[in-house]
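The block underneath contains the structure these notes are about, expressed in C-alpha cells.
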Amino acid sequence: MPGKKVCIVGSGNWGSAIAKIVGHNAKGNNRFDPIVNMWVFEEMVNDKKLTEIINTEHENVKYLPGHKLPKNVVAVPEVVDAAKGADVLIFVLPHQFITRICDTIKPHVKTGAIGISLIKGVDEGPEGLRLISDIIREKLEMDVSVLMGANIANEVADEKFCETTIGATNSANGQLYKELLQTPNFRITVVAESDTVELCGALKNIVAVGAGFCDGLGLGDNTKSAVIRLGLMEMIAFAKIFCKGPVTSVTFLESCGVADLITTCYGGRNRKVAEAFVTTGKSIAELEAEMLNGQKLQGPQTSEEVYKILMKKNMIEKFPLFKSVYLICFEGKPPLDTSLYTQRG
C-alpha cells in the first residue's frame, strides 16, 4: 500500500513549525508518503518568491527564520495543486480565510481524505456558533479532528519540550495524527471531546487580550491572575452552552485548556499586542500591521464573533470578560475600568 499523502494548508509561523515536525515524521514512517506539500501564499521577499526560497534554502525566512525545514517539505504556491491527491489535510491558517480556501479546493479533494484543524478561532453562523472544524467538515464532507495546546511556534520549532491535545471523535484518526505529529519533545494526548478542545483554543485568545490590557495598565500579577481565572470560568461556561457533545472538567486540565491559557496570557502575540494597544493608543489594526510581520491576530476578532453570538442568545451579561474585551477593542471603552474584569454575570 502506498503511504498516505500529507498536505499542510498554510505556512505561517505555526504552519512552518508543524511542517518541520511533519516532514521529519513522514520521511521516517512508511505509513506516509515522504513528500509533504505545504501551501504557501505567494509573496516576494527580497525580490524572490517565498516558495522558491523555501524550496531552495529550505527555510521560511519570513515567518520562521533560523529554522531549516526538511527537504521533503515542498512549498506549493497554488492551494489546489498542494491539496490535490492528499489523504491527510492539515489546516493551519488564519480562521478568517478558511471558508474561501475550502470552497477553492473542494472539487479537488480526494474521496476518503481526512483533516485536522490547528486553527484557533470561531465563526458566527445563522444558528449561532460555528466551529472552524464544522466549516471544514461541512464544506469538504470529511472527518475533521483538531489540535490545540500550549504551543508557541518558535519554541516548538526550537524543539523545546511541550504538550498538546488532539480532539478526535474518530479514535483511529486521532492515533494516525498522533503518529504523524508526535516527537520526543512534542507530546500528544488524544481525547474524544473535540468541540471542547477546539473552543479552548479559540476562547483563550480573548482572555489573553484581557491579560495584555492588565500588563499595559500596570495592574500587577494579582489582577492579571484574576482575569485569567475569570476567563477560564467563562470558557467553561461557554463550552457547556455551545458544545454539541459532553463537556468535562478533565479536558480543561489538558494542554488545550489551562496550559494553553497560561502560556498565551504570558507569552502570546494577543497579550503582546493588547499591551501595546494600551501603551501606544494605536488601533488593533495598526498594531497588527506593525508588530506581526504579516500574521493575523485572532483574539480581538474572536471576541467580536463571540460577542455577536452571545447577543443573539441574549446571554452577553453572563460573560462580562468576553464582553469587555470586545467593547475595549471595538467600541472605545476605556481599558482602565477594573469593574470590566471583576463583575460577574
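Sequential numbering from 1 along the given sequence is applied to the chain's residues. Since the model is a prediction, treat every value here as computed from it, not as a measurement.
Checked against K84 for a side chain to side chain contact (heavy atoms under 4.5 Å, CB included), the options E78, H108, K5, K110 give a single hit: H108.
Looking only at distances, no side-chain donor or acceptor of E155 sits under 3.5 Å from a matching main-chain atom of I152. Between the side chain of S225 and the backbone N or O of N222, at least one donor-acceptor pair lies under 3.5 Å. Under a 3.5 Å cut-off, the side chain of E42 and the backbone N or O of L50 do form a donor-acceptor pair. Using a distance-only test at 3.5 Å, with no hydrogens or angles considered, a donor-acceptor pair links the side chain of N13 to the main chain of Y63. A distance-only check finds no donor-acceptor pair linking the side chain of N29 to the backbone of N25 [under 3.5 Å]. Side chain of S16 to backbone of S11: a donor-acceptor contact under 3.5 angstrom is found. Side-chain atoms of E59 never come within 3.5 Å of backbone atoms of I53 as a donor-acceptor pair (strictly under, hydrogens ignored). Put simply, the side chain of N55 gets close to the backbone of A75: a donor and an acceptor are under 3.5 Å apart. Although no hydrogens or angles enter the test, the distance criterion places a donor-acceptor pair under 3.5 Å between the side chain of S194 and the main chain of G167.
Side-chain contact between R269 and M291 is absent, with no heavy atoms from C-beta onward closer than 4.5 Å. I90 places none of its side-chain heavy atoms less than 4.5 Å from the side chain of V9. Residues N60 and P65 have side chains not in contact (no heavy-atom distance under 4.5 Å, counting atoms from C-beta outward). Residues L140 and F91 meet the side-chain proximity criterion, which asks for heavy atoms closer than 4.5 Å.
Annotation: K68, atom NZ; neighbour count of heavy atoms from other residues, nucleotides and ligands within 6.0 Å is above 12. Heavy atoms of other residues, nucleotides or ligands lying less than 6.0 angstrom from CZ of F161 number more than 12. The number of heavy-atom neighbours closer than 6.0 Å to NZ of K178, taken from other residues, nucleotides and ligands shown, is above 12. The number of heavy-atom neighbours closer than 6.0 Å to NZ of K312, taken from other residues, nucleotides and ligands shown, is above 12.
Between R137 and M142 the shortest heavy-atom distance is CG-O, 3.3 Å. Nearest heavy atoms, E198 versus I132: OE2-N, 3.0 Å. Considering all non-hydrogen atoms of both residues, V227 and A211 come closest at CG1-N, 4.0 Å.
Taking the side chain to side chain contact (heavy atoms under 4.5 Å, CB included) definition, one finds that E254 meets it with T165, T189, V191, C256, sequence neighbours left out. Under the side chain to side chain contact (heavy atoms under 4.5 Å, CB included) criterion, T264 pairs with K204, N205, A208, D260, not counting sequence neighbours. Take L176 and apply the side chain to side chain contact (heavy atoms under 4.5 Å, CB included) test, not counting sequence neighbours, and it matches K4, R31, F32, V88, I114.
Rounding to the nearest 0.5 Å gives a distance of 6.5 Å between CE of M148 and NZ of K120.
You'll find the ring centres of Y307 and F322 outside the 6.0 Å limit.
Because its NZ or CZ atom is not both nearer than 6.0 Å to the ring centre of Y326 and within 45° of the ring axis, K333 does not count as a cation-pi partner of that residue.
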Fill in: Step-by-step side-chain contact (heavy atoms from CB on, under 4.5 Å) determination, N37 to I8
CA-CA 6 Å; N37 284 349; I8 302 170; over 6 Å; no

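Residue I166 is grouped with residue V156 when hydrophobic side chains (ILVMFWY) are merged at heavy-atom distances under 4.5 angstrom, including chains of intermediate members. L292 and V209 end up in the same hydrophobic cluster when Ile, Leu, Val, Met, Phe, Trp and Tyr side chains are linked at under 4.5 Å. Under a hydrophobic-cluster definition in which Ile, Leu, Val, Met, Phe, Trp and Tyr are linked whenever side-chain heavy atoms come within less than 4.5 Å, directly or via other members, V146 and I18 are assigned to different clusters. Put simply, L131 and V92 are part of two different groups of oily side chains (I, L, V, M, F, W, Y) that touch within less than 4.5 Å, one to the next.
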